[in-house]
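For reference, the structure is listed below as structure tokens.
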Amino acid sequence: MRRFFDPRQLAHAPLKELHNGGFVDFAEKPLRAEAILAAIGGAEAPADHGEAAIRAVHDAGYMDFLKTAPARWAAEGRPGDVIGYIWPIVGRRDLKLDRIDALIGRYSLDASSPLTAETWDAAYWSAQSVLSALDAVLGGDRAAFALCRPPGHHAGADYLGGYCYLNTAAIAAQAARDAGLARVAILDIDYHHGNGTQDIFRARGDVFYASIHADPATDYPFYWGHADETGEGEGAGATLNLPLPQGAVVEAFRAAQATALEAIARFGPDLLVLSYGADTWAGDPISHFRLTTADYALLAGDIAARGWPTVIAMEGGYAIDALGANVASLLRGFAD
């Protein structure tokens with residue numbers, strides 16, 4: 001399986017994030033990608049597709065914010081990384097506010113996703129990695145893997161959050177549609193719900209989104225991912241959320257995935273985008289499922305057996321010592 005990654009994705013390295021009421025070391029470390037690369041035998045450099053596919057998904061004002069916020073923060077005399085502290089709780093009025101503090105609230109979901117001077121470039125090359133994986137699949141490969149770091153599925157069209165800045169799964173899905181594929185499905189198997197991906201496609205019937213994740217009544221992102229969220233308008237019925245309780249083991253996860261795969265089969269996709277998070281592993285420091293390393297090969301085999309051309313986009317997974325083995329297990333399951 002072809003694998004894609006650019007070293008510039010390592011440069012994004014915030015120092016701290018706000019977690020459980022205090023500032024702690026940033027969990028989405030560059031070491032995550034390095035551990036994966038070591039386990040899977042490296043990756044090839046992605047091609048540079050430019051910004052067009054990113055702009056097809058993300059708001060222009062938001063993209064400008066990602067590019068300029070660190071410099072504006074520094075110009076205000078602020079030390080360290082860009083972290084918000086105020087968010088509109090009811091709705092975001094388009095007030096054309098220009099102060100950097102207001103813009104952070106306008107374009108972010110939480111305080112766990114700081115911006116640095118290198119964030120835009122890292123996220124940009126993460127997007128190029130998934131677009132290159134899509135190129136490989138459109139060119140005839142059965143599957144391809146994009147080591148997307150930073151990850152993407154919490155980023156909406158005009159907001160960042162959950163360590164995510166550009167939604168790589170959504171970018172791949174939209175690029176596939178723009179390349180002429182009629183129907184694309186996204187299967188999200190990260191511990192946390194992909195709220196950004198759901199938001200981007202919730203009113204569309206041409207992209208099906210299915211997610212298996214921790215019950216948002218107990219886990220981030222709380223306000224998305226409940227079972228009664230099934231899409232709206234033209235997208236009514238094109239969203240499927242399958243939340244599981246903390247402590248879920250592979251039997252429960254595999255049963256939920258079978259339900260998702262049946263729904264995707266009824267949709268009849270020309271392409272599958274797999275948002276894969278290894279934070280479902282039993283030893284993950286911020287998550288509470290109990291999957292084992294061997295389970296990922298089993299889950300991958302079930303997906304691959306459906307025969308859909310598949311782009312795999314890396315999402316979460318924060319137990320760095322085990323992360324490489326968990327990713328390698330998934331890729332091995334596809335290969336087998």
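The basis for the numbers below is simple: all heavy atoms, side chains too, and nothing from hydrogens, waters or symmetry mates.
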Exercise. Verify, without hydrogens or angle tests, whether Glu315 (side chain) and Gly152 (backbone) share a donor-acceptor contact under 3.5 angstrom.
Key: yes
Exercise. Please report the closest heavy-atom contact between Ile212 and Ala256, naming both atoms and the distance.
Key: CD1-C, 3.8 Å
Self-check item: Thr119 versus Thr116, side-chain donor and acceptor atoms under 3.5 Å
Solution: yes
Quiz item: Does the gap between the ring centers of Phe26 and Tyr163 come in under 6.0 Å?
Solution: yes
Practice problem: May I ask you to say whether Arg72 pairs ionically with Asp98, meaning some side-chain N is under 4.0 Å from a carboxylate O? | Solution: yes
Quiz item: Is there a side-chain contact between Pro216 and Tyr223 (heavy atoms, below 4.5 Å)?
Solution: no
Quiz item: Between Thr292 and Trp281, is any side-chain donor less than 3.5 angstrom from a side-chain acceptor?
Solution: no
Practice problem: Without swapping roles, check the side chain of His226 against the backbone of Asp215 for a donor-acceptor pair under 3.5 Å. | Solution: no
Exercise. Assess the side chains of Asp219 and Gln246: does a donor N or O sit below 3.5 Å from an acceptor N or O?
Key: yes
Self-check item: Any side-chain heavy-atom pair of Leu66 and Leu166 under 4.5 Å
Solution: yes
Quiz item: How about Val273 and Val130: do any of their side-chain heavy atoms sit closer than 4.5 Å?
Solution: no
Self-check item: Flag, side chain of Ser126 to backbone of Ala122, donor-acceptor distance under 3.5 Å
Solution: no
Quiz item: So do Leu323 and Met314 actually touch side chain to side chain, heavy atoms under 4.5 Å?
Solution: yes
Exercise. Specify the closest pair of heavy atoms between Met1 and Phe334, including all atoms of both residues, with the distance to one decimal.
Key: CE-CB, 3.5 Å
Quiz item: Do you see a donor-acceptor pair shorter than 3.5 Å between the side chains of Asp190 and His213?
Solution: no
Quiz item: Between Tyr276 and Ile303, is any pair of side-chain heavy atoms under 4.5 Å apart?
Solution: no
Quiz prompt | Non-hydrogen atoms of Asp284 and Ala319 that approach each other most closely | solution = OD1-N, 3.6 Å
Quiz item: What's the shortest heavy-atom distance between His153 and Cys164, and which atoms?
Solution: N-SG, 3.6 Å
Self-check item: Side chain proximity check, Val184 to Asp270, heavy atoms < 4.5 angstrom
Solution: no
Quiz item: Taking the six-membered ring for Trp, are the ring centroids of Tyr107 and Tyr159 within less than 6.0 Å of each other?
Solution: no
Practice problem: Return yes if a side-chain donor-acceptor contact under 3.5 Å exists between His49 and Asp135, otherwise no. | Solution: yes
Practice problem: Indicate the atoms forming the closest heavy-atom contact of Ala27 with Glu17, along with that distance. | Solution: N-OE2, 2.9 Å
Quiz item: Would the Tyr124 and Tyr165 ring centres measure less than 6.0 Å apart?
Solution: no
Quiz item: Cluster question for you: counting only ILVMFWY and a side-chain heavy-atom cut-off of under 4.5 Å, with indirect links fine, are Leu147 and Tyr296 together?
Solution: yes
Quiz item: Under 3.5 Å, side chain of Thr218 to main-chain N/O of Ala214, donor-acceptor pair present?
Solution: no
Quiz item: Can Arg254 and Asp295 be counted as an ion pair, charged N to O under 4.0 angstrom?
Solution: no
Practice problem: Following the transitive rule for hydrophobic clusters with a side-chain heavy-atom cut-off under 4.5 Å over Ile, Leu, Val, Met, Phe, Trp and Tyr, establish whether Ile36 and Ile320 coincide in one cluster. | Solution: no
Quiz item: Should Arg202 and Glu229 count as an ion pair when the cut-off is N to O under 4.0 Å?
Solution: no
Self-check item: Arg78/Asp101 ion pair, N-O < 4.0 Å
Solution: yes
Quiz item: Any side-chain donor paired with an acceptor under 3.5 Å for Thr197 and Asn167?
Solution: yes
Quiz item: For the residue pair Tyr220 and His193, is the inter-centroid distance of their aromatic rings smaller than 6.0 Å?
Solution: no
Quiz item: In terms of hydrophobic clustering (I, L, V, M, F, W, Y; side-chain heavy atoms under 4.5 Å; direct or indirect links), are Ile312 and Leu271 co-clustered?
Solution: no
Quiz item: Under a single-linkage definition using a 4.5 Å side-chain heavy-atom cutoff for Ile, Leu, Val, Met, Phe, Trp and Tyr, are Ile171 and Leu160 assigned to the same hydrophobic cluster?
Solution: yes
Quiz prompt | Close side-chain approach of Leu115 and Pro70, heavy atoms under 4.5 Å | solution = yes
Quiz item: Is Glu234 salt-bridged to Arg204, cutoff N-O under 4.0 Å?
Solution: no
Practice problem: Identify whether the distance between the nearest side-chain nitrogen and carboxylate oxygen of Arg149 and Glu34 falls below 4.0 Å. | Solution: no
Practice problem: For the residue pair Gln198 and Asp188, confirm or rule out a side-chain donor-acceptor distance under 3.5 Å. | Solution: no
Quiz item: Would Phe201 and Tyr209 count as a close aromatic pair, with their ring centres under 6.0 Å?
Solution: no
Quiz item: Can a salt bridge be assigned to the pair Asp81 and Lys16 using a cut-off of 4.0 Å between side-chain N and carboxylate O?
Solution: no
Exercise. Please examine the side chains of Glu262 and Arg306, heavy atoms only from C-beta on, and report whether any two atoms are closer than 4.5 Å.
Key: yes
